[in-house]
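Below is one structure, written out as C-alpha cells, with a few remarks after it.
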Amino acid sequence: MRQQKRHQTNLISSIIVLITAALLVFLSIVLYNHSRLEVRFDTLISWLEQIDDAIVKLDSDTEIIICIFALYIAKCQLPIPMGFLCVISGIVFPMTQAVVINLVFCAFFFSVKYVEGKFIGGGWTGMILGIKQLHFVRDWIQFKGTGNPYVLFVSRLVPSIPLGMVSKYYGSMKYDFIYYTCLSLLGFAPRLFIYTKIGAAIYNPFSVQFIVLLMIVVAFTGISIITFNVFYGIKSKQMNQTLLLYSEKEKYKIVL
C-alpha cells in the first residue's frame, strides 16, 4: 500500500514536470521568434491596440470601476479566476491605479469569504480535511486551534490553492481578522502584480514582456504543485509509519 502511494506521488510529479517543461519550451520558442510573430500577427496586434484606444476614450472611470467591482462580487459565489479579474484591471487602467484597485477589491473578497466561514463554517475545506488521510494537514493548518500564519501566507502565494476555500476555513477558526487580511494581501501581492502586469501588456501578446510573464506564471505554478505533492507524499508516509508503530504497540499491549 505504501509503495503504491509512493508510485502514485512520483507519477503525478512526473506528469506535472512534463506538462510544465512542455509549456516552458513552447513559450521559449515563441520568445525566440517573437519578432517574426509580431510581424505575422500584425493584424491581431493592431486590433488589440484599437481596443486599447477605445477603452482610453471611455467617458467615466467610475462606471468601469463599478463594473469591475461587480465582477469581484460575483467572484464571491462563482468560480471566476482571480487572475482574470486582475488582468481586466490591468487592461483598463494604468499600472499603478490597477494595482491599487485590485488590492482594494481583493481585500473585499477575502473579507467576504472570511465572514462566510465565521458564520457558516469551513465548507468544503472542512469536509475535505475531515478525511482521515488528511488529518495531518488539518492539524498543521489549525496550529493548536489558533491557525497557522505561515500556511495562510503560502496559500495566497501558491496559484494551485483555492483562495475562497482557505479564507472560509480561517474564518471558521475565528482567526484574527486584521492579521488575516494583512497576511492574505502580502501573500497574494506578487501574483496580483504579475497578473495586473499581464493585463497591461496584453495588447501585444508576442512582446518579450508578456511572454516572460507567462513563463514566470507557468514555472511558479508547476513548481508549487510539485512541492505540495511531494510534501503530501512525505507527510502521508510519516503518518503511515506512526500508525504502524502504534498498531504494533497495541498488538503486544498487556492488559492487567
Side-chain angles (χ1 to χ4, degrees), residues 9 12-13 16 20 72 75-87 99 102-198 216-236 238-239:
T9 302
I12 294 173
S13 298
I16 296 170
T20 304
Y72 273 89
K75 162 67 180 171
C76 293
Q77 299 302 328
L78 299 175
I80 302 173
M82 186 66 80
F84 173 73
L85 300 180
C86 295
V87 167
V99 168
N102 284 331
L103 278 174
V104 173
F105 290 165
C106 281
F108 166 79
F109 169 77
F110 292 143
S111 301
V112 170
K113 304 309 288 186
Y114 176 91
V115 172
E116 283 186 15
K118 186 175 182 179
F119 290 100
I120 301 176
W124 282 103
T125 307
M127 294 174 61
I128 293 171
L129 295 179
I131 300 174
K132 185 176 180 181
Q133 289 81 357
L134 294 174
H135 281 181
F136 69 91
V137 178
R138 181 195 62 189
D139 296 338
W140 190 50
I141 294 175
Q142 290 182 353
F143 197 59
K144 299 180 180 179
T146 59
N148 193 327
Y150 302 104
V151 173
L152 177 59
F153 179 84
V154 172
S155 69
R156 303 314 192 191
L157 191 64
V158 176
S160 56
I161 300 178
L163 298 171
M165 293 176 66
V166 174
S167 300
K168 289 181 68 174
Y169 195 70
Y170 271 81
S172 68
M173 292 189 291
K174 296 180 173 57
Y175 192 73
D176 182 82
F177 179 73
I178 302 298
Y179 201 25
Y180 157 85
T181 304
C182 291
L183 285 172
S184 295
L185 291 177
L186 284 173
F188 190 67
R191 292 171 58 191
L192 183 148
F193 179 81
I194 292 176
Y195 293 147
T196 308
K197 195 72 174 176
I198 288 175
I216 292 173
V217 172
V218 170
F220 188 74
T221 302
I223 292 171
S224 63
I225 295 175
I226 293 170
T227 303
F228 179 80
N229 188 55
V230 172
F231 170 80
Y232 173 78
I234 293 172
K235 288 296 182 180
S236 180
Q238 291 176 352
M239 183 187 69

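- Partners of Val112 by side chain to side chain contact (heavy atoms under 4.5 Å, CB included), not counting sequence neighbours, listed by chain and number: Cys76, Phe108, Glu116.
- When every heavy atom of Phe84 is checked against every heavy atom of Ile80, the shortest pair comes out as CD2-CG2, 4.0 Å.
- Taking the ring-ring contact (aromatic ring centres under 6.0 Å, His included) definition, one finds that Tyr175 meets it with Tyr170, Tyr179, sequence neighbours left out.
- Using a 4.5 Å heavy-atom threshold, the side chains of Val151 and Val166 count as separate.
- Across every non-hydrogen atom of Leu163 and Arg191, the tightest pair is CD2-NH1, 4.0 Å.
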**Report entry** Stepwise side chain to side chain contact (heavy atoms under 4.5 Å, CB included) check, Thr196 with Val87
**Finding:** CA-CA 5 Å; Thr196 308; Val87 167; over 6 Å; no
Report task. Take Arg156 and Ser167 through the side chain to side chain donor-acceptor pair (under 3.5 Å) test and state the conclusion after the steps. Result -> CA-CA 10 Å; Arg156 303 314 192 191; Ser167 300; 2.7 Å; yes
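- For Tyr180, the ring-ring contact (aromatic ring centres under 6.0 Å, His included) partners are Tyr114, not counting sequence neighbours.
- Tyr195 is listed as a side-chain neighbour of Pro159, based on a closest heavy-atom distance under 4.5 Å.
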Query raised in the report: Should Asn102 and Tyr72 be marked as a side chain to side chain contact (heavy atoms under 4.5 Å, CB included) after you check the CA-CA gap, both sets of side-chain angles, and the distance that decides it?
Result: CA-CA 9 Å; Asn102 284 331; Tyr72 273 89; 2.9 Å; yes
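- In this structure Ser111 satisfies the side chain to side chain contact (heavy atoms under 4.5 Å, CB included) test together with Phe177, sequence neighbours excluded.
- For the atom pair Leu152 CG and Leu157 CG, the distance stands at 11.5 Å (nearest 0.5 Å).
- The minimum heavy-atom distance between Phe220 and Val158, with the atom names listed, is CE2-CA, 4.2 Å.
- Listed by chain and number, the residues in a side chain to side chain contact (heavy atoms under 4.5 Å, CB included) with Leu186 are Phe153 (sequence neighbours excluded).
- Looking at residues two or more places apart in sequence or on another chain, you find no ring-ring contact (aromatic ring centres under 6.0 Å, His included) involving Phe188.
- Distance check: Ile178 CD1 to Leu183 CG gives 11.5 Å after rounding to the nearest 0.5 Å.
- In this structure, Leu185 and Leu103 approach most closely via the heavy-atom pair CD2-O, 3.9 Å.
- The CE atom of Met165 lies 10.5 Å from the NZ atom of Lys113; values are rounded to the nearest 0.5 Å.
- Of all the heavy atoms in Thr20 and Gly222, the pair that sits closest is OG1-CA, 3.5 Å.
- Smallest separation of non-hydrogen atoms from Cys106 and Leu192: SG-CD1, 3.8 Å.
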